[in-house]
*Asks:* 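Here it is, the structure in full.
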Amino acid sequence: MEVNMDYLKFMGNKVPFVQRIEEILETKIGNLYSYDVMIEFDEEDAFKDPKNMLALDELESELGKLQMTKISGGKPRVKSITRMVKEMHRVLNEDKIEFYTIPTERDMLTQLLFLYEISDSSSLYDDLTESYNAAHVHVEISDYNANIIVDDIAKAEASARRIFPDAKVAVVGTVAENAAMNSTIVTSELKSFGSSFVMIAILLIIVFASIRGGLIAMIPNLAPVLLIGAVMGYAKMPLDEVTMMIMPMILGIAVDDTIHFSNHIKYKLEGGKNYSEAIGETFREIGKTMGTTTFILCAMFLMYCFSRLRLCSE
């Protein structure tokens, strides 16, 4: 069972704003997920050096080859200051296609950046800092798959560090943060369930005054969680903000029924009944009540099946 927190998938397209987002995403310009690779030098005017600008263009090319990078019209949706520099270089050279390159002369590159600054400084400073020591590459991704995104981001950062060994490198953006949260959620969930099972086992041992009895009583608490986890894995349902809430609910219902059932059996055994008689009388006396209360609890959560918000991925 994978962890993947794509809110478009777990909400479902019955929600109006999700429908609008999906319609936009179907267009060539539509995009929802992206991240930025930041490159920062200590010295000012670092990106007036053609060597660094060419390296930035090389990084842009490598990021376009990553698995999750969005492709539109056969071109990767990767953007940096290099695109405008190449456009201006071409315009100043009679619009010849062979000049759609990064100039190798520092004076020419400085002149292009100066022209860009006086014509549209706000756009320039979206891609470069005013001191020309830091730049970023904007990468749009096609879909949200946290595991692949984490791998892509690691590769992007490794490429940036290799191409810019003397610069500070960082990957930023909401997608990068959300993708990193997946591993945190897995670890937190495991710790949470582990501690819950330990605490419940200790309480059951205390309630039944028996280590063996308490551990046996843990079986019906563990079985539903394993069953639902197996079903989710087999049905390719990812663990996200909504589905991750299912297991604590199951655990709560299971613990409640376990205590009622096991305690009643213990009461019958202490009254002189054998194991078969204790089980039979327990089912007859509290089985119907337990079944009814469990059915009511499940029916309350079943109403979410008719909600506009879909609570599991297809």
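Nothing fancy with the numbering, it's 1 onward along the sequence.
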*Asks:* For the residue pair N52 and F47, what are the closest heavy atoms and their distance?
*Replies:* O-CE2, 3.9 Å
*Asks:* State whether the number of non-hydrogen atoms from other residues, nucleotides or ligands found under 6.0 Å of E98 atom CD is greater than 12.
*Replies:*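 Counting neighbours around CD of E98, more than 12 heavy atoms of other residues, nucleotides or ligands fall under 6.0 Å, so yes.
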*Asks:* Distance from S262 atom OG to L204 atom CG, nearest 0.5 Å?
*Replies:*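 Answer for the OG-CG pair, S262 versus L204, is 7.0 Å.
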*Asks:* Search all heavy atoms of P50 against all heavy atoms of E105 and return the closest pair with its distance.
*Replies:* CG-C, 3.7 Å
*Asks:* State, to 0.1 Å, how close F197 and M218 come at their nearest heavy-atom pair, and which atoms those are.
*Replies:* CD2-CE, 3.4 Å
*Asks:* Report yes or no: does H89 contribute a side-chain atom to a donor-acceptor pair with the main-chain N or O of I102 at less than 3.5 Å?
*Replies:*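 Here the side-chain-to-backbone pair does not exist.
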*Asks:* With distance as the sole test, does N274 use its side chain to make a donor-acceptor pair with the main-chain N or O of S276 at under 3.5 Å?
*Replies:* yes
*Asks:* If you count the non-hydrogen atoms of other residues, nucleotides and ligands that lie under 6.0 Å from NZ in K86, is the total more than 12?
*Replies:* yes
*Asks:* What are the two closest heavy atoms between V85 and L112, and how far apart are they?
*Replies:*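 Smallest heavy-atom distance, with atoms named: O-CD1, 3.9 Å.
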*Asks:* Classify the ring geometry between H138 and H136 as parallel (under 30°), tilted (30 to 60°) or perpendicular (over 60°).
*Replies:*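 Judged by the thresholds at 30° and 60°, the geometry between H138 and H136 is perpendicular.
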*Asks:* Kindly say whether K96 contributes a backbone atom to a donor-acceptor pair with the side chain of N93 at under 3.5 angstrom?
*Replies:*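 No, N93 side chain to K96 backbone: no donor-acceptor pair under 3.5 Å.
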*Asks:* For T258 and D256, does a side-chain donor sit closer than 3.5 Å to a side-chain acceptor?
*Replies:* no
*Asks:* Please report the closest heavy-atom contact between G64 and I71, naming both atoms and the distance.
*Replies:*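 So the two residues come closest at O-CD1, 4.2 Å.
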*Asks:* Closer than 3.5 angstrom, by distance alone: can the side chain of S119 be matched with the main-chain N or O of Y116 as a donor-acceptor pair?
*Replies:* yes
*Asks:* Could you grab the distance from atom OG1 of T129 to atom CG of D126, nearest 0.5 Å is fine?
*Replies:* 12.0 Å
*Asks:* Where do D257 and M290 come nearest, in terms of heavy atoms and distance?
*Replies:* O-CE, 3.5 Å
*Asks:* Nearest 0.5 Å please: distance from the OG1 atom of T292 over to the CG atom of L297.
*Replies:* 11.0 Å
*Asks:* May I ask you to test the M84-M88 pair for a side-chain heavy-atom distance under 4.5 Å?
*Replies:* yes
*Asks:* Please answer whether the main-chain N or O of S72 pairs with a side-chain N or O of R77 as donor and acceptor at a distance below 3.5 Å.
*Replies:*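 Not a single qualifying donor-acceptor pair exists.
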*Asks:* With a 4.5 Å cut-off on side-chain heavy atoms, are I141 and I148 touching?
*Replies:* no
*Asks:* Given 3.5 Å as the limit, does a donor-acceptor pair link the side chain of N221 with the main chain of A217, or not?
*Replies:* yes
*Asks:* Would you please test L56 and I163 for side chain to side chain contact (heavy atoms under 4.5 Å, CB included) and show each step?
*Replies:* CA-CA 8 Å; L56 190 66; I163 295 172; over 6 Å; no
*Asks:* For T293 and T289, indicate whether the former's side chain and the latter's backbone hold a donor-acceptor pair under 3.5 Å.
*Replies:* yes
*Asks:* Would a 4.5 Å heavy-atom cut-off, applied to side chains only, mark I81 and M53 as touching?
*Replies:*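 The answer is yes; the side chains approach within 4.5 Å.
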*Asks:* Check for a donor-acceptor pair, side chain of N133 on one end and backbone N or O of F41 on the other, with a separation under 3.5 Å.
*Replies:* yes
*Asks:* Could you give the distance from CG (D57) to CD (E62), rounded to the nearest 0.5 Å?
*Replies:* 11.0 Å
*Asks:* Using a strict threshold of under 4.0 Å (side-chain N to carboxylate O), is an ion pair present between R83 and E87?
*Replies:*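 R83 and E87: not salt-bridged.
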*Asks:* Which one of K48, E43, E117, E44 satisfies the side-chain hydrogen bond (donor to acceptor under 3.5 Å, both in side chains) criterion with Y132?
*Replies:*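 Output: one option passes, namely E117.
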*Asks:* Nearest 0.5 Å please: distance from the OG atom of S121 over to the CG atom of L128.
*Replies:*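 Reported to 0.5 Å precision, the distance equals 12.5 Å.
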*Asks:* In the structure I gave you, are the side-chain heavy atoms of R162 and E58 within less than 4.5 Å of one another anywhere?
*Replies:* yes
*Asks:* So does I211 have more than 12 non-hydrogen atoms from other groups sitting under 6.0 Å from CD1?
*Replies:* no
*Asks:* Would you indicate whether Y125, at its atom OH, is surrounded by more than 12 heavy atoms from other residues, nucleotides or ligands within a distance under 6.0 Å?
*Replies:*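 More than 12 heavy atoms, drawn from other residues, nucleotides or ligands, come within 6.0 Å of this atom.
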*Asks:* Can you measure from OG1 (T101) to CZ (R90) and round to the nearest 0.5 angstrom?
*Replies:*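 The distance works out to 11.0 Å.
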*Asks:* Are more than 12 heavy atoms, taken from residues, nucleotides or ligands other than F114, located less than 6.0 Å from that residue's CZ atom?
*Replies:*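 Count not over threshold, so no.
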